[in-house]
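Read through the structure below, which is laid out as structure tokens, and then see the notes.
Predicted, not measured: the structure shown is a model, and the values here were computed from it. Letters A, B, ... are given to chains in the order of the sequence lines, protein chains preceding strands, and every chain is numbered from 1.
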Amino acid sequence: MSRYDPSVIEPRWQEAWDKAGAFTARRDPAKPKYYVLEMFPYPSGRIHMGHVRNYTMGDVVARTKLAQGYSVLHPMGWDAFGMPAENAAMERGGHPKDWTYGNIADMKAQMKPLGLSIDWSRELATCDPEYYGQQQAMFIDMMEAGLVYRKAAVVNWDPVDMTVLANEQVIDGKGWRSGAVVERRELTQWFFKISDYSEELLSALDGLTHWPEKVRLMQANWIGKSRGLQFGFKTVGAPAGFDTLEVYTTRPDTLMGASFAAISADHPLARALEGDPKIAAFVAECRRGGTSAEEIETAEKIGYDTGIRVQHPLDPNWELPVWIANFILMDYGTGAIFGCPAHDQRDFDFATKYRLPIKAVFAADGAEDAALAEAYVPMKSERVRYVRGFAGAEVQTGDEAVATAIAHAETHGYGTGVTKFRLRDWGVSRQRYWGCPIPVIHCAGCGVVPEAKANLPIELPYDVSFDVPGNPLDRHPTWRDCTCPKCGAAARRETDTMDTFVDSSWYYARFTAPRATTPTVLEDADYWMNVDQYIGGIEHAILHLLYSRFFARAMHKTGHLPAKAIEPFNALFTQGMVTHEIYMTRDAQGRPVYHLPEDVTVFNVADRRIVVKGNVPPPVDMIDDVDAFIRALSDEGLLVEVIPSAKMSKSKKNVVDPNDIIAAYGADTARWFVMSDSPPERDVEWTASGAEAAFKHLNRVWTLCDRIGQMPADHQGEGDNDLARATAKAIDEVTKGIEGFAFNKAIASLYAFANTLAKANASTPVMKEAIRTLAKLMSPMTPHIAEDIWAYQGGIGLCAEAPWPKADPALLVDDTVTLPIQINGKRRAEISVPKDMPIPEVEKIALADEAVIRFLAGQPVKKIIVVPGRIINVVA
RNA sequence: GCCCGCGUGGUGGAAUGGUAGACACAGGGGACUUAAAAUCCCUCGGCUGAAAGGCCAUGCCGGUUCAAAUCCGGCCGCGGGCACCA
């Protein structure tokens, strides 16, 4: 064996895997199947370390499952529609399609050297007509199933560019290009009826036992089931047709603390009042700014008293003013509320600002009805004393009070208990070019008509220009013109395209039959679904996963997925980001200037870490005064400020190009490093020293393999039993680490095992068996070096296809255990006892221990707790 | 603003109610070398002590428990999401 040279061995083994078709997924009824999927990338053009980490995790799982005898599906594709392609076309010219496919080719070329066990024959891009044509077919099926409808909804409108903006394109309430203040404007849009499934999407979360608890909780909160009271206020002085004002509240128990009613600026009543120029101006003011919840809820709370009054349902003589307020959302409840300032902080702020009364309804049990400095909002499960209650006991929990208040309203006929969800229907219309065209036709005679399936795919026209803001499909001369599939008359195509979340809501199903001329093939879907392990970023915890769960149900309803696939992801793992520290200096104006990691030099001088701009030789022998040295560097503008690690981003230049790392150390080193050190669900900080350490370790394993290879065949050693035990332990720990998504722990075990093996003095066959096992255990993480060691040490066939080792259970248990002894919870001694020793005997030995006697100093023992195999605690 | 996380040595982390700091990085000391690199060995939370040992220590404050990094309550700091970023 020669020097460890990844640039030679890595391409060689990748070719060998290709030739053997090792990773081609095949339906094999004789084997259990395993479908592992990483969230597919957006083709930005460059892979980054986050991709490397994500795909390496999936690869570790896929390779382990393959070795464990599963028929594995591990595909890859491209989430290829979206705004960046159009932005690139606007900024640099060119066409979104060319830009996207060029990026896909570039990224694929960058991914290949990683040696991932991907079945590339199933590759797909969502911008392929082959893919989005099937999506259009499903859209039509969903229309027929009643899951699609149109309604008016608000968008961010840029009044200068005359175009709709994404939330991302609204910066501080202004359009990102024009700088104009954005308005909220209504547009007729396409919607999926995800709300039909609110209850089911919520209750089915309980069955997702292999999902992170936090993701399930976030989804549950997002769906937001609430029980409340809906009732109508009788109005006084309202325009015709507004005799009652319907409101919904989750706190009907606070009805006696009401001090005003408030409606959204988009409420029909507010619109009816727009004849009044003052109200029109106020409503226009409310519509300024973007549509995002963050912007609306952090905006200053403003209101306008309409002069209209409503009668309190429990006392017709008690009238409340009706305000229009900017923090009331038309999308939730009825778009109208009653305000109870004493028990809602937002209402409290509003009431304080506009000098409205603040009356407490309840107080902490035992507390006085004191004046409030802020809203008193205890947990609903807490017992409080009602000072202005009207139903139920004086002292009760909030939950009890809500229930009794609803019962009271229903008994007296002024309101109804209603269950509502926060989840809104999914608006899928986008006024953009680079997306899946909505396959619908507007006919003067027939109205809105779905396109005939025979005409699918409705392909995007290529001849478009991006020199004017807005959707090029709207101004395309011929694409819009078509004939009505129903009556044959001249008609116009829908020019809205679909939200890119639609594309990513079913790609996992398409991978089971990526070339089919129907969206799916049931036989394939039935074999491969569900995804056994889905891996991706925590940033997708809500939207992408919720939409996918809905879409799988819709696909089942329309006959494209079997019933078992309505929850498409059996297990979910959300991985952390790859971060890097940021290197910054300042220019003459004091503005920050960022530097790439490769453009700085890091010195470790004593316990100081000094970062210097440029590539300079070590200063240690040039200076003996570190502080003076730092001052000198600072004066010359060479001293670099180190900002703590953050997600890698181009703007901060804290990026490391995976291909540079592969060129310097090989893919195995990159893979090993991103899997080591940090637990996969947490962020991992990329450090140059960490990558180098990984490379050094692989070199050590390589030379160890060489040394074992050169051992005389008849060498005898006394360490056979110890090494066999260490090997069994490594198998056990690495297997558990991988299966439990604790790759960092699996790697720590592999370090320990390699160190043990390097020091072991065992017979040649035992040494060879151990190094082959090491190679096999390393192979999910570092597949290339593993193959080389495997081949060199006489492994049969490809390491990638060799079965996963099994640990001999007899070698995993130790005969004696070391038990620490605590006295009053502090560790004072330890004893070694046979593993199966009965508790009374352990107690006897513990109490007879010299150190225990010394620490007890004659105090009587009150209690002794023995946790078998773990610890002894003596309470004195 | 609302929802959800996270916080342990100089650093990444291990320990998921039972010996805090596995494994690794950085640092310190040594071997080899003319020298350096590479490699190998030792050491490595703080205070105290000649040593044995003792005391302190898991963001901060309080609680539950024989026992808390771990469970509960409050606070501080950081991160993710908020429906047209993907």
message = Over 60° means perpendicular and under 30° means parallel, so tell me whether A:Phe81 and A:Tyr132 are parallel, tilted or perpendicular.
response = tilted
ask   = With respect to the side chain of A:Ile538, which nucleotide from B:U19, B:A22, B:G80 is positioned closest?
value = B:G80
Length of the line joining A:Asp677:CG and B:A26:C1', which is rounded to integer Å = 12 Å
ask   = Are A:Trp78 and A:Asn103 close enough that a side-chain donor and a side-chain acceptor fall under 3.5 Å?
value = no
Presence of A:Asn221 side-chain N/O under 4.0 Å of B:C4 phosphate oxygens OP1/OP2 = yes
request  = Find the distance A:Asn744:CG to B:A15:C1' and express it as a whole number of Å.
outcome  = 12 Å
key: Whether A:Tyr197 and A:Phe550 hold their rings parallel, tilted or perpendicular, with breakpoints at 30° and 60°   = perpendicular
query = Where the side chain of A:Arg827 is concerned, which of B:U19, B:C82, B:C23 is the nearest nucleotide?
reply = B:U19
message = Please confirm whether the shortest side-chain N or O distance from A:Lys826 to OP1 or OP2 of B:A20 is below 4.0 Å.
response = no
Presence of A:Arg422 side-chain N/O under 4.0 Å of B:C2 phosphate oxygens OP1/OP2 = no
key: Least distance between heavy atoms, A:Leu205 atom then A:Ala220 atom   = CD1-N, 3.7 Å
query = Among the nucleotides B:G12, B:C25, B:U19, which one has an atom lying closest to any side-chain atom of A:Ile871?
reply = B:U19
task = Run the salt-bridge test on A:Glu733 and A:Lys736 with the 4.0 Å N-O cut-off and return the result as yes or no.
result = no
Using a cut-off of under 3.5 Å, enumerate the N/O to N/O pairs linking the protein to nucleotides 84-86 of chain B.
| from | atom 1 | to | atom 2 | distance (Å) |
| --- | --- | --- | --- | --- |
| B:C84 | OP2 | A:Arg430 | NH2 | 2.8 |
| B:C84 | O4' | A:Arg430 | NE | 3.1 |
| B:C84 | O4' | A:Arg430 | NH2 | 3.2 |
| B:C84 | O3' | A:Asn167 | N | 3.3 |
| B:C84 | O2' | A:Asn167 | N | 2.5 |
| B:C84 | O2 | A:Arg432 | NH2 | 2.2 |
| B:C84 | N4 | A:Gln189 | OE1 | 3.4 |
| B:C84 | N4 | A:Gln189 | NE2 | 3.3 |
| B:C84 | N4 | A:Ser429 | O | 3.3 |
| B:C84 | N4 | A:Gln431 | OE1 | 3.1 |
| B:C85 | OP2 | A:Asn167 | N | 3.4 |
| B:C85 | OP2 | A:Glu168 | N | 2.8 |
| B:C85 | O4' | A:Glu168 | OE1 | 3.3 |
| B:C85 | O4' | A:Glu168 | OE2 | 3.4 |
| B:A86 | OP1 | A:Met83 | N | 3.1 |
| B:A86 | OP2 | A:Thr500 | OG1 | 3.3 |
| B:A86 | O3' | A:Asp79 | OD2 | 3.0 |

note = Ranking A:Arg854 and A:Ala693 by the position along RNA chain B of their nearest nucleotide, the one closer to 5' is A:Ala693
query = Is there a side-chain contact (heavy atoms from CB on, under 4.5 Å) between A:Phe551 and A:Ser504 once you walk through the steps?
reply = CA-CA 10 Å; A:Phe551 218 84; A:Ser504 55; over 6 Å; no
inquiry  = Is it the case that the side chain of A:Glu295 and the backbone of A:Gly290 share a donor-acceptor pair, with hydrogens and angles ignored and the cut-off at 3.5 Å?
reply    = yes
ask   = Whole-Å distance between B:G12 P and A:Lys745 NZ?
value = 18 Å
request  = Would you tell me whether A:Trp434 and A:Thr500 have side-chain atoms, one donor and one acceptor, within less than 3.5 Å of each other?
outcome  = no
Protein-nucleotide distance (A:Arg870, atom CZ; B:G17, atom P), rounded to Å = 9 Å
side-chain contact (heavy atoms from CB on, under 4.5 Å) assessment of A:Phe350 paired with A:Phe327 = CA-CA 10 Å; A:Phe350 191 79; A:Phe327 60 91; 3.4 Å; yes
key: NZ/NE/NH1/NH2 to OD/OE distance under 4.0 Å, A:Lys729 and A:Asp732   = no
key: nucleotides 63-70 of chain B: protein proximity per nucleotide (B base, S sugar-phosphate only, - neither; heavy atom, under 4.0 Å)   = ---BS---
ask   = With Watson-Crick and G-U wobble geometry limited to distances under 3.5 Å, how should the secondary structure of RNA chain B be encoded in dot-bracket form, using | for bases paired to another strand and [ ] for crossing pairs?
value = (((((((..(((.....[....))).(((((.......))))).((((....))))..(((((..]....))))))))))))....
base_contact_polar (B:C82 base, A:Glu294 side chain, donor-acceptor, <3.5 Å) = yes
task = Among the candidates B:A24, B:U19, B:C55, find the nucleotide nearest to the side-chain atoms of A:Arg828.
result = B:C55
inquiry  = Over 60° means perpendicular and under 30° means parallel, so tell me whether A:Trp426 and A:Phe192 are parallel, tilted or perpendicular.
reply    = perpendicular
inquiry  = Is it the case that the side chain of A:Asn326 and the backbone of A:Glu300 share a donor-acceptor pair, with hydrogens and angles ignored and the cut-off at 3.5 Å?
reply    = yes
ask   = If only side-chain N and O atoms of A:Asn699 are considered, is one of them under 4.0 Å from the OP1 or OP2 phosphate oxygen of B:U39?
value = no
ask   = For RNA chain B, whose closest nucleotide is more 5', that of A:Asn755 or that of A:Ile542?
value = A:Asn755
inquiry  = If I take atom CD in residue A:Glu733 and atom P in nucleotide B:A15, what distance separates them, rounded to the nearest angstrom?
reply    = 11 Å
ask   = Hey, does A:Lys759 reach any base, or is it just sugar-phosphate, or nothing, if we go heavy atoms under 4.0 Å?
value = sugar-phosphate
